[in-house]
Each structure stands twice: as structure tokens, then as C-alpha cells.
Enquirer: 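One structure, as C-alpha cells, below. Some questions next.
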Amino acid sequence: QVQLVESGGGLVQAGGSLRLSCAASGRTFSSYAMGWFRQAPGKEREFVSHITWTGGSAYYADSVKGRFTISRDNAKNILYLQMNSLRPEDTATYYCAASFGSGRYSYTGQYNYWGQGTQVTVSS
């Protein structure tokens, strides 16, 4: 079992920054990959970013590439998402998720555990 709790969401103006955190507990954090997804009202949950269990490789959706940075601290059991140059279209509930599989990192079905989400609202 893995428990995930997101934090750091809020209201920010366009062009601003936020850093999301995801605290993990349960199984050894460094033994699984992690991802961030987001879901806006009336839309499907979409992939944002993925990081391997070592933190050695990271992947991003085209829509956030160059603006968002995913990282993890395996000593503290925390996953981060640094979000810069935020846009109104980034407004969504952001979820962290744990994956014990490999490949297809942009696919929600690849992930085994999910957090409850944290709301990010970007005003224009």
C-alpha cells in the first residue's frame, strides 16, 4: 500500500509560480516511479510529468515542457512539481500517482495509487 498526499496548490496570477508537493508513505518510496496528472472541470485527467524511481529520468507533456520541473527527494519521501510561467489553462486539480510498472508513463492505467488532489487556479 502507498498513501499519497498532495499540497501546495492555490490561486496565482498568470506568469506566477507554484510548487506542489506529494508526501508518500507506505512502501519504500525509492522503489517506484511517480507521476503528476491534472484534471480540469469537464475534461479527462491528463498526463503532466513522470519521474523514474531514481530520479534519473523525467518526462513532460508538451504543454508544460520548459515551464514545469518534476523532482523527488527519496530521503524525505516527497515528490515535487515546480510550476513556472503559469497560464490560465493550467487551472486544474493536480494529482500525484505512484507506478510499480514500466513504460506507458502517460497512461493513467499505469499508476497503482493516487492522491486526493490539490487545486491550482491561475487567474488572467
Side-chain angles (χ1 to χ4, degrees):
Q1 285 279 355
V2 173
Q3 294 78 41
L4 303 171
V5 179
E6 302 95 337
S7 61
L11 174 63
V12 64
Q13 288 190 328
S17 298
L18 281 174
R19 188 176 78 158
L20 305 184
S21 299
C22 172
S25 60
R27 294 177 64 171
T28 304
F29 185 61
S30 59
S31 67
Y32 49 88
M34 294 291 295
W36 285 101
F37 286 74
R38 65 187 182 187
Q39 187 167 18
K43 294 190 175 181
E44 302 234 336
R45 192 168 296 190
E46 66 173 3
F47 169 74
V48 174
S49 185
H50 174 92
I51 189 166
T52 55
W53 62 278
T54 62
S57 295
Y59 307 90
Y60 299 92
D62 288 343
S63 59
V64 307
K65 203 171 292 183
R67 300 188 298 122
F68 290 10
T69 302
I70 191 171
S71 62
R72 64 190 297 164
D73 186 333
N74 285 348
K76 296 182 178 178
N77 295 351
I78 300 179
L79 173 74
Y80 300 102
L81 185 68
Q82 178 66 44
M83 304 186 297
N84 299 329
S85 301
L86 283 161
R87 305 167 180 168
E89 53 264 40
D90 295 318
T91 295
T93 300
Y94 283 71
Y95 299 89
C96 64
S99 172
F100 289 89
S102 61
R104 302 193 72 188
Y105 52 78
S106 64
Y107 172 54
T108 56
Q110 184 65 31
Y111 295 81
N112 307 92
Y113 297 95
W114 294 82
Q116 295 298 306
T118 185
Q119 177 66 38
V120 172
T121 302
V122 185
S123 63
S124 56

Enquirer: According to the salt bridge (charged side-chain N to carboxylate O under 4.0 Å, His left out) rule, which pairs have a member within residues 45-54, sequence neighbours left out?
Expert: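 The answer is R38-E46.
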Enquirer: State plainly whether one hydrophobic cluster holds both F100 and M34, where clusters connect Ile, Leu, Val, Met, Phe, Trp and Tyr through side-chain heavy atoms under 4.5 angstrom apart.
Expert: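 As far as the 4.5 Å side-chain criterion goes, M34 and F100 are connected within one cluster.
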Enquirer: Are N112 and Y32 side-chain neighbours, meaning at least one heavy-atom pair lies under 4.5 Å?
Expert: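 SC-SC contact between N112 and Y32 ruled out.
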Enquirer: Would you check if R67 and D90 make a side-chain contact, meaning some heavy-atom pair closer than 4.5 Å?
Expert: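 Yes; the side chains approach each other to less than 4.5 Å.
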Enquirer: Between atom CZ of F29 and atom CD1 of I78, what is the distance when rounded to the nearest 0.5 Å?
Expert: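 Here the interatomic distance stands at 8.0 Å.
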Enquirer: Looking at Y94 and A92, what are the two nearest heavy atoms and their distance?
Expert: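 Looks like CD1-O, 3.4 Å.
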Enquirer: Please check if the side chain of S49 supplies one atom and the backbone of Y60 the other of a donor-acceptor pair under 3.5 Å.
Expert: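 Not at all, since once roles are kept as given, no pair shorter than 3.5 Å links the two residues.
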Enquirer: In the structure I gave you, are the side-chain heavy atoms of Q1 and Y113 within less than 4.5 Å of one another anywhere?
Expert: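 Side chain of Q1 against side chain of Y113, heavy atoms only: contact under 4.5 Å found.
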Enquirer: Applying side chain to side chain donor-acceptor pair (under 3.5 Å), can you list everything that pairs with S25, at least two apart in sequence or on another chain?
Expert: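 With sequence neighbours excluded, S25 shows a side chain to side chain donor-acceptor pair (under 3.5 Å) to Q3, given in chain and number order.
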Enquirer: Using modelled atom types and a 3.5 Å cut-off, is there a donor and acceptor pairing between side-chain atoms of S99 and backbone atoms of G101?
Expert: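 Yes: the side chain of S99 pairs with the backbone of G101.
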Enquirer: Output all residues satisfying side chain to side chain donor-acceptor pair (under 3.5 Å) with T93, sequence neighbours left out; order by chain, then residue number.
Expert: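 Side chain to side chain donor-acceptor pair (under 3.5 Å) check on T93 returns Q119.
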Enquirer: For residues E6 and L20, determine if any side-chain heavy atom of one lies less than 4.5 Å from a side-chain heavy atom of the other.
Expert: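 Heavy-atom side-chain distance check fails, nothing below 4.5 Å.
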Enquirer: Membership question, hydrophobic clusters at under 4.5 Å side-chain separation (ILVMFWY): are Y80 and M83 in the same one?
Expert: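 As far as the 4.5 Å side-chain criterion goes, Y80 and M83 are not connected within one cluster.
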Enquirer: Quick check: closest heavy atoms across N74 and S30, and the distance to 0.1 Å?
Expert: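 Taking N74 first and S30 second, the nearest heavy atoms are ND2-CB, 3.5 Å.
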Enquirer: State, to 0.1 Å, how close S124 and A14 come at their nearest heavy-atom pair, and which atoms those are.
Expert: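 Heavy atoms of S124 and A14 come nearest at CA-CB, 4.4 Å.
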Enquirer: Mind checking whether Y111 and F37 have ring centres under 6.0 Å apart?
Expert: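 Yes, they do, as the ring centres are separated by less than 6.0 Å.
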Enquirer: Write down the atom of R72, the atom of W53, and the distance for their closest heavy-atom approach.
Expert: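 Smallest heavy-atom distance, with atoms named: NH1-CA, 3.3 Å.
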Enquirer: So do the side chains of T52 and Y105 get within less than 4.5 Å of each other, counting heavy atoms only?
Expert: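 A side-chain contact under 4.5 Å is absent here.
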Enquirer: Do F68 and F47 land in one hydrophobic cluster if side-chain heavy atoms of ILVMFWY residues count as linked below 4.5 Å?
Expert: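 Not linked; separate clusters.
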Enquirer: Between G9 and V120, what is the shortest heavy-atom contact and its length?
Expert: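 That would be CA-CG2, 4.2 Å.
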Enquirer: Within the structure provided, determine whether L4 and Y95 are in side-chain contact (heavy-atom separation under 4.5 Å).
Expert: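 Sidechains of Y95 and L4: no contact.
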Enquirer: Yes or no on salt bridge (Lys or Arg N to Asp or Glu O under 4.0 Å) for D62 and K65, after CA distance, side-chain angles and deciding distance?
Expert: CA-CA 5 Å; D62 288 343; K65 203 171 292 183; 3.1 Å; yes
Enquirer: Less than 4.5 Å apart, side chain to side chain, heavy atoms only: is that true for W36 and C22?
Expert: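 Sidechains of C22 and W36: in contact.
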Enquirer: Please tell me whether L86 and V64 are part of a single hydrophobic cluster in this structure, the criterion being side-chain heavy atoms less than 4.5 Å apart.
Expert: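 Result: yes, single cluster for both.
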Enquirer: What is the minimum heavy-atom distance between L79 and C96, and which atoms define it?
Expert: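 In this case the closest contact between L79 and C96 is CD2-CB, 3.9 Å.
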Enquirer: Nearest 0.5 Å, please: how far is CG in L81 from OG1 in T118?
Expert: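 One finds 11.0 Å between OG1 of T118 and CG of L81.
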Enquirer: Should Q82 and S17 count as side-chain neighbours, where that means a heavy-atom distance under 4.5 Å?
Expert: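 They are in contact (side-chain heavy atoms under 4.5 Å apart), so the answer is yes.
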